[in-house]
Amino acid sequence: RAKARGRATYQFFEAALAETAYADLVLEAELAQGLTHDEFELFFQPQVDATTGQLSGAEALLRWRHPQRGLLSPDAFIFVAERHRLMLALGEWVMREAAATARRWREQGLTAGHGPMRIAINLSRMQFHLDGFADTVKRVLAESQAEGQWLELELTERMLMEEIEHAPTTLAQLRAMGLTVSVDDFGTGYTSLAHLTELPLDKLKIDQSFTARLPDDAGAQAITRAIVQMAVGLGLTVTAEGVRTAAQWQLLSSWGCQQLQGELVGLPMPASEFEAWVKAR
Ligand code: C2E
Ligand code: MG
Ligand code: MG
Ligand code: MG
């Protein structure tokens, strides 16, 4: 009986595995079709200056208007795109769309508090891993008639550590073109402090798992405060992600965190909604 049960369990897992593999294959085909059918869209989430509350920029977050399943967040499909080279095409689409949007905003006179609105985009490991990534950025900027100053690139600690040999050169090339370089979800990875000082970076984004535990959790307080102090000491800008309450804003700002992003200010919105939101402020 035990043997029979073991066999049944095995068959169950085998079936489940086949189903998952099949679902991924379908998703992969749909992703490719989605690209040609223009089903992807960028949502924009405002980033503000923690002291003045003035708008400082926006983060572009990818959405997929799936013909059957409706609006999908990246967590539902990025992992499949990343397993295939599709992520390169999708990533380039994001860059192109962000550059075109930044240009349109300039033409419309839609600005941040201190000047042109910078759009931050999230990079995938695959994009950063590719030889000549800086050249790709350069080409996309030229084709979009956009300037490097209009864009910010968000990389994760893991991406930086995996490319530790090439990262300094690539980042330096990107910054020489005027782009801002940020480390996303900071505090969740394993970047050594020594590496942080060696890399040419502009900004650290404190992961929302820390922000979420503020203001009461002593551990989150200690870590967040230490990250802010270290970043400031290294001359980096600090942005806190996922800020939901005034108490969180107050605390982060008292520690020297310069920028905020989160529900308290605004959730990601379609471009037209974001434009109306900026004008209404
Ligand atoms: P991320 O870059 O860390 O983006 C922050 C995520 O937190 C976004 O989820 C955003 O909608 C959400 N968020 C922001 N503020 C709040 C808040 O106050 N409360 C809550 N509960 N959530 C908040 P989203 O848009 O689902 O994106 C998830 C992740 O997918 C992103 O995390 C990023 O790593 C990745 N991603 C998004 N767009 C792209 C893209 O164009 N390319 C690549 N490679 N990855 C992307
Ligand atoms: Mg991000
Ligand atoms: Mg993040
Ligand atoms: Mg994330």
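Counting convention: from 1, in listed order, for ligands and their atoms alike. Predicted, not measured: the structure shown is a model, and the values here were computed from it.
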Q) Any Lys/Arg nitrogen of E143 or R96 sitting under 4.0 Å from an Asp/Glu carboxylate oxygen of the other? A) yes
Q: Check ligand 1 against V94 and write out every atom of the ligand that is under 4.0 Å from a heavy-atom position of the residue.
A: 41 (O)
Q: Considering non-hydrogen atoms only, spot the tightest contact between A231 and V238 and give its length.
A: CB-CG2, 3.4 Å
Q.
If we ignore hydrogens and angles and just use 3.5 Å, is the side chain of D202 paired with the main-chain N or O of V181 as donor and acceptor?
A. yes
Q) In E154, the N, O or S atom nearest to the Mg ion (ligand 2) is which? A) OE1
Q: Please answer whether the main-chain N or O of T188 pairs with a side-chain N or O of D185 as donor and acceptor at a distance below 3.5 Å.
A: no
(Q) Quick check: L62 and ligand 1, any N/O pair under 3.5 Å apart? (A) yes
Q) What N/O/S atom of D185 is the closest to the Mg ion (ligand 3)? A) OD1
(Q) Only heavy atoms of L123, strictly under 4.0 Å: list the atoms of ligand 1 that pass. (A) 44 (N)
Q | R103 with E107: basic N within carboxylate O range, under 4.0 Å | A | yes
Q) Looking at D184, which of its N, O or S atoms is the nearest one to the Mg ion (ligand 3)? A) OD1
(Q) Under 4.0 Å from a heavy atom of Q45: which atoms of ligand 1 are those, numbered in the order shown and with their elements? (A) 14 (C), 15 (N)
Q | Region of L90 engaging ligand 1 - heavy atom pairs below 4.0 Å | A | neither
Q.
Could you tell me, atom by atom, which parts of ligand 1 come under 4.0 Å of a heavy atom of P268?
A. 11 (O)
**Q.** Region of K205 engaging ligand 1 - heavy atom pairs below 4.0 Å
**A.** neither
Q: Can you run down the ring-ring contact (aromatic ring centres under 6.0 Å, His included) pairs that involve residues 55-82, sequence neighbours left out, and say none if there aren't any?
A: F40-W64, F40-F77, W64-H66, W64-F77
Q.
How close do T211 and A240 get, counting heavy atoms only, and between which atoms?
A. OG1-CB, 4.4 Å
**Q.** Contact atoms of ligand 1, heavy-atom distance to G262 under 4.0 Å
**A.** 15 (N), 18 (O)
Q. Hey, is the main chain of D75 close enough, under 3.5 Å, to the side chain of S73 for a donor-acceptor pair?
A. no
**Q.** N/O/S atom of E241 inside 2.8 Å of the Mg ion (ligand 2), strictly under
**A.** no
Q: Would you mind naming the N, O or S atom of E59 nearest to the Mg ion (ligand 2)?
A: OE2
Q | Which of the ligand 1 atoms, numbered from 1, are nearer than 4.0 Å to a heavy atom of S124 | A | 44 (N)
Q) Should the pair E59-K205 be classified as a salt bridge under the 4.0 Å nitrogen-to-oxygen rule? A) yes
Q. Linking Ile, Leu, Val, Met, Phe, Trp and Tyr through side-chain heavy atoms less than 4.5 Å apart, which residues share a cluster with W150?
A. none
Q. Under a 4.0 Å heavy-atom limit, does E59 contact ligand 1 with its side chain, its backbone, both, or neither?
A. side chain
Q. Nearest non-hydrogen atom to atom 6 (C) of ligand 1 belongs to which of E241, Q208, R244?
A. Q208
Q: Show which atoms of ligand 1 fall inside a sub-4.0 Å distance from at least one heavy-atom site of M87.
A: 44 (N)
Q. T52 side chain to Q54 main-chain N or O, any donor-acceptor pair under 3.5 Å?
A. yes
Q: For S144 and A100, indicate whether the former's side chain and the latter's backbone hold a donor-acceptor pair under 3.5 Å.
A: no
Q. Taking only heavy atoms of D185, which atoms of ligand 1 are found under 4.0 Å from at least one of them?
A. 3 (O)
**Q.** Sole residue of M126, E82, H129 in side chain to side chain contact (heavy atoms under 4.5 Å, CB included) with L88
**A.** M126
Q) Does ligand 1 have a heavy atom under 4.0 Å from the side chain of L42, from its backbone, from both, or from neither? A) neither
**Q.** ligand 1 contacted by G242 (non-hydrogen, < 4.0 Å)
**A.** yes
Q: Taking Q221 for its side chain and L214 for its backbone only, find out whether a donor-acceptor pair lies under 3.5 Å.
A: no
Q) Measuring from the heavy atoms of R63, does anything fall under 4.0 Å of ligand 1? A) yes
Q: Of the side chain and backbone of D207, name the one, both, or neither that has a heavy atom under 4.0 Å from an atom of ligand 1.
A: neither
Q.
Between N122 and the Mg ion (ligand 2), is there a contact where an N/O/S atom of the residue lies under 2.8 Å from the metal?
A. yes
